[in-house]
Novice: 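Quick one: the structure is below, and I'll ask about it shortly.
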Amino acid sequence: MLTIKRCPTIVSIYQDGLEKPGCGRNCLGACCIPGDRMKGGFLLTHSLNRVSRFESGQQPGAKLPVYTYGRRAYDTDNGSLHNENPFLDSLLLAQWEDRLTQGHFRYDVTACETKVLPGDFGFIAQLNEGRHLKKRPTECRVDQVLQFFDAKKFNFTKVGQEEVLFCFEESKDDLTAYYDEMIVGGSPNIIAINISPIEYGHVLLVPKVSDCKPQRIDEGSFRLALYMAAEAANPYFRVGYNSLGAFATVNHLHFQAYYLAVPFPVERAPITKIWKKGGVNIFELYKYPVKGLVYECGTSLDELADLVSKTCISLQEQNIAFNILIAECGHRIFLFPQCFAERQALGQVDQGILDTQVNPAVWEISGHIVLKRKCDYDSASEDYAWRLLGEVSLSDDRFDKVKRLCIHEALVMENKAAPIAVVESSFMPVDTGVEQLCNWSMGSGNAKQKNSIKVSTNCLNQEWTV
């Protein structure tokens with residue numbers, strides 16, 4: 001078992017030292033948001049993701065703001081993939097600023113110093129001394145991407161309702177709507193503040209909060225995150241995800257998002273195309289310190305969401321830690337498999353890097369580096385950023401296996417391949433149902449594997465060496 005010591009980021013008012021739900025203080029637990037036990041009015045049912053009238057004689061739930069969105073706005077048959085009425089953007093900012101005025105944050109993030117580091121990449125450094133916790137770090141396991149949900153530890157059902165900006169649900173009639181107050185039951189999708197923000201508008205998206213799912217991507221939750229980015233319709237608003245083993249703070253399914261008014265360095269990094277599947281293109285980053293893949297939407301957000309979520313599910317099942325950045329209003333997705341925590345647990349990370357106390361999660365990998373000490377901020381340089389992120393990246397051999405897995409998932413989506421079998425982490429594909437020429441060099445120790453796949457279909461005739 002591999003572990004590291006770290007101080008978890010405080011994301012909620014009720015996180016630090018909280019041992020049990022605070023029934024009576026308006027939390028998000030079953031004590032304050034019961035299942036479907038309601039009494040007269042309206043019920044937001046998570047199973048149908050729509051607003052409907054409920055029966056009388058049942059126990060009421062919590063009263064929360066609700067924002068509903070329609071997916072039809074992104075249907076290519078309507079001629080556009082973009083939201084032309086970005087009400088979510090102004091609503092989120094107004095609600096976030098309201099919580100800032102009420103003093104719910106641990107510090108004023110707008111007062112944090114920020115600079116662009118000189119060099120070719122334009123890495124962004126921020127001095128955020130408020131995120132530094134002067135407390136004893138705890139042991140965190142980093143060698144298991146999939147772990148059971150533990151109700152005894154902090155989770156988002158213990159968040160106070162005053163931290164919730166609004167619920168985020170799919171509309172019954174495909175129209176955008178906002179309700180200042182609605183009785184909510186079941187398991188709503190919530191958008192809440194992060195009380196230790198990295199940037200302006202830093203929020204948390206928690207899908208089906210009462211279901212208490214562990215930090216594990218599924219198709220529905222990923223699609224929700226993608227539509228949140230699309231609904232905001234602001235290119236400066238990005239959504240991020242950290243898996244366990246890749247510096248997720250809380251083992252309760254959630255995404256993060258915030259505004260940054262400049263491009264992330266990774267968004268400007270050169271890419272090369274390695275796959276085209278229907279309406280989705282897949283690229284590989286190059287000349288960037290972290291190896292990664294880039295998915296771009298062509299004609300369908302749902303198709304993009306399906307492919308990337310299935311790829312993430314495969315990575316989870318193969319126990320590969322990763323980070324996700326959703327950019328360009330949901331139309332561009334960056335996937336970073338990473339091994340920093342693993343290397344740290346094995347004592348393989350440079351001590352000078354560890355001394356800066358930076359945990360390279362999705363934001364840092366994308367080029368926005370949050371530093372907690374003034375001395376590190378003053379001395380920050382492009383060389384430091386490159387060395388930090390170089391510790392994150394997989395080796396060529398390990399990344400090639402991930403790349404092959406991702407291409408295979410694209411084949412599966414085209415019904416031209418069967419799922420990859422888990423064979424002692426070899427990533428060896430089972431019978432795919434397409435023409436393949438596979439040359440495997442299997443051996444003990446550090447023997448390398450090679451796989452040359454030739455795929456011939458009516459619409460595709462390409463050869464991949466991965």
Side-chain angles (χ1 to χ4, degrees), residues 3-22 27-30 33 99 104-106 128 130-133 135-165 168 187-199 202-218 221-222 224-225 228 239-258 312 316 321-326 338 340-341 359-365 370:
T3 63
I4 62 172
K5 290 185 176 182
R6 60 173 297 203
C7 293
T9 302
I10 301 299
V11 297
S12 167
I13 298 168
Y14 301 99
Q15 180 176 349
D16 194 15
L18 185 66
E19 297 296 333
K20 50 188 175 182
C27 68
L28 297 180
I33 303 185
R99 303 312 190 276
H104 289 315
F105 296 97
R106 295 177 58 230
N128 193 327
R131 286 177 69 89
H132 179 62
L133 294 178
K135 58 187 296 186
R136 181 176 298 177
T138 57
E139 291 274 343
C140 299
R141 186 169 185 179
V142 297
D143 61 346
Q144 286 293 330
V145 173
L146 299 180
Q147 299 179 28
F148 290 110
F149 179 86
D150 187 350
K152 295 179 181 179
K153 294 183 178 180
F154 172 78
N155 61 77
F156 295 110
T157 66
K158 301 174 182 180
V159 163
Q161 290 179 25
E162 68 271 27
E163 300 174 70
V164 177
L165 302 186
F168 182 67
S187 189
N189 309 311
I190 65 161
I191 296 179
I193 60 171
N194 182 335
I195 69 164
S196 299
I198 291 177
E199 261 298 344
H202 195 165
V203 294
L204 304 166
L205 169 65
V206 186
K208 297 183 178 179
V209 59
S210 303
D211 286 2
C212 295
K213 296 181 178 182
Q215 185 72 340
R216 175 178 187 169
I217 280 181
D218 57 53
S221 65
F222 191 81
L224 183 74
M228 177 184 174
V239 180
Y241 176 86
N242 302 314
S243 78
L244 296 179
F247 296 104
T249 299
V250 180
N251 185 21
H252 187 178
L253 181 58
H254 68 286
F255 298 80
Q256 300 185 52
Y258 65 65
C312 292
Q316 290 167 165
F322 63 92
N323 309 90
I324 291 281
L325 179 72
I326 301 175
Q338 75 139 294
F340 186 95
N359 296 320
V362 59
W363 310 120
E364 288 78 12
I365 291 172
V370 180

Novice: Using 0.5 Å steps for rounding, measure from the OH atom of Tyr14 to the CZ atom of Phe154.
Specialist: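 Spacing of OH (Tyr14) from CZ (Phe154) equals 11.0 Å.
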
Novice: Which residue, Val164, Val203, Leu204, forms the side-chain contact (heavy atoms from CB on, under 4.5 Å) with Ile190?
Specialist: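 Single pass found, and it is Val164.
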
Novice: Return yes if some donor-acceptor pair links the side-chain N/O of Gln316 with the main-chain N/O of Ile217 below 3.5 Å, else return no.
Specialist: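 Yes; judged by distance alone, with no hydrogens or angles, the pair exists.
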
Novice: Do the non-hydrogen side-chain atoms of Gln161 and Leu28 ever get within less than 4.5 Å of each other?
Specialist: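 Sidechains of Leu28 and Gln161: in contact.
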
Novice: Look at the side chain of Asn194 and the backbone N and O of Ala257, then say whether any donor-acceptor pair between them is shorter than 3.5 Å.
Specialist: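 Side chain of Asn194 to backbone of Ala257: no pair is present.
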
Novice: In a table with atom names and distances, give each donor-acceptor pair under 3.5 Å that connects a side chain of residues 141-149 to protein atoms at least two apart or in another chain.
Specialist:
residue, atom, partner, partner atom, Å
Arg141, NE, Asp143, OD1, 2.6
Asp143, OD2, Leu2, N, 3.0
Gln147, NE2, Gln144, O, 2.9

Novice: Roughly how far apart are Ser196 OG and Phe105 CZ, rounded to 0.5 Å?
Specialist: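 Atom-to-atom, Ser196:OG and Phe105:CZ are 10.0 Å apart.
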
Novice: Checking the side chain of Arg99 only, and the main-chain atoms of Ile195 only, is there a donor and an acceptor separated by less than 3.5 Å?
Specialist: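 It does not hold such a pair.
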
Novice: Give the minimum heavy-atom separation between Ala225 and Ile326, together with the two atoms involved.
Specialist: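 Smallest heavy-atom distance, with atoms named: CB-CD1, 4.1 Å.
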
Novice: Can you name the closest pair of heavy atoms from Lys152 and Lys158 and give their distance?
Specialist: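 Looks like O-NZ, 3.8 Å.
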
Novice: Would you please name every residue forming a side-chain hydrogen bond (donor to acceptor under 3.5 Å, both in side chains) with Gln215, sequence neighbours left out?
Specialist: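 Listed in chain order: His254.
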
Novice: Between atom CG of Asn155 and atom CD of Gln15, what is the distance when rounded to the nearest 0.5 Å?
Specialist: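 Taking CG in Asn155 and CD in Gln15, the distance rounds to 10.0 Å.
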
Novice: Using the test side chain to side chain contact (heavy atoms under 4.5 Å, CB included), find all partners of Lys5 that sit at least two apart in sequence or belong to another chain.
Specialist: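 Side chain to side chain contact (heavy atoms under 4.5 Å, CB included) list for Lys5, sorted by chain: Pro137, Glu139.
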
Novice: For Phe168, which residues count as a ring pair (Phe, Tyr, Trp, His ring centres under 6.0 Å) partner, sequence neighbours excluded?
Specialist: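 Testing Phe168 for ring pair (Phe, Tyr, Trp, His ring centres under 6.0 Å), a comparison that skips the adjacent residues, returns Tyr67, Tyr69.
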
Novice: Output the distance between atom CE (Met228) and atom CG (Asn189), rounded to the nearest 0.5 Å.
Specialist: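 Answer rounded to 0.5 Å: 10.5 Å.
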
Novice: Quick check: do Lys208 and Leu224 have side-chain heavy atoms less than 4.5 Å from each other?
Specialist: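 Of all side-chain heavy-atom pairs linking Leu224 with Lys208, none is under 4.5 Å.
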
Novice: Tell me the closest heavy-atom pair linking Phe255 and Pro207, and the distance in Å.
Specialist: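 Phe255 and Pro207 have their closest heavy atoms at CE1-CG, 4.1 Å.
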
Novice: Would you mind reporting whether Asn251 and Asp150 have side-chain heavy atoms less than 4.5 Å apart?
Specialist: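 No, their side chains stay 4.5 Å or more apart.
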
Novice: Nearest 0.5 Å, please: how far is CD1 in Ile324 from CZ in Phe222?
Specialist: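 It is 5.0 Å, given to the nearest 0.5 Å.
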
Novice: Do you know the tightest heavy-atom contact between Ala246 and Phe322?
Specialist: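 For Ala246 versus Phe322, the nearest heavy atoms are CB-O, 3.5 Å.
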
Novice: If we only count heavy atoms from C-beta on, is the Phe340 to Ile4 side-chain gap below 4.5 Å?
Specialist: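 Not touching, per the 4.5 Å side-chain cut-off.
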
Novice: For Tyr258, which residues count as a ring pair (Phe, Tyr, Trp, His ring centres under 6.0 Å) partner, sequence neighbours excluded?
Specialist: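 For Tyr258, the residues satisfying ring pair (Phe, Tyr, Trp, His ring centres under 6.0 Å) (neighbours in sequence not counted) are His202, Trp363, His368.
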
Novice: Who are the side-chain hydrogen bond (donor to acceptor under 3.5 Å, both in side chains) partners of Gln338, not counting sequence neighbours?
Specialist: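 Only Asn323 meet the side-chain hydrogen bond (donor to acceptor under 3.5 Å, both in side chains) criterion with Gln338.
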
Novice: Under the rule for side-chain hydrogen bond (donor to acceptor under 3.5 Å, both in side chains), what residues qualify as partners of Ser210, not counting sequence neighbours?
Specialist: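 Here no residue qualifies.
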
Novice: What are the two closest heavy atoms between Ala321 and Ser243, and how far apart are they?
Specialist: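 Scanning both residues, the minimum pair turns out to be CA-OG, 3.5 Å.
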
Novice: Please list, chain by chain and in numerical order, all residues satisfying side-chain hydrogen bond (donor to acceptor under 3.5 Å, both in side chains) with Ser221, sequence neighbours excluded.
Specialist: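 Listed in chain order: Asp218.
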
Novice: Any donor-acceptor pair under 3.5 Å linking the side-chain atoms of Ser12 with those of Glu163?
Specialist: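 The criterion, which ignores hydrogens and geometry beyond distance, is satisfied for Ser12 and Glu163.
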
Novice: Report the distance from atom CG of Leu205 to atom CG of Leu165, rounding to the nearest 0.5 Å.
Specialist: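 Going from CG on Leu205 over to CG on Leu165, the span is 11.0 Å.
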
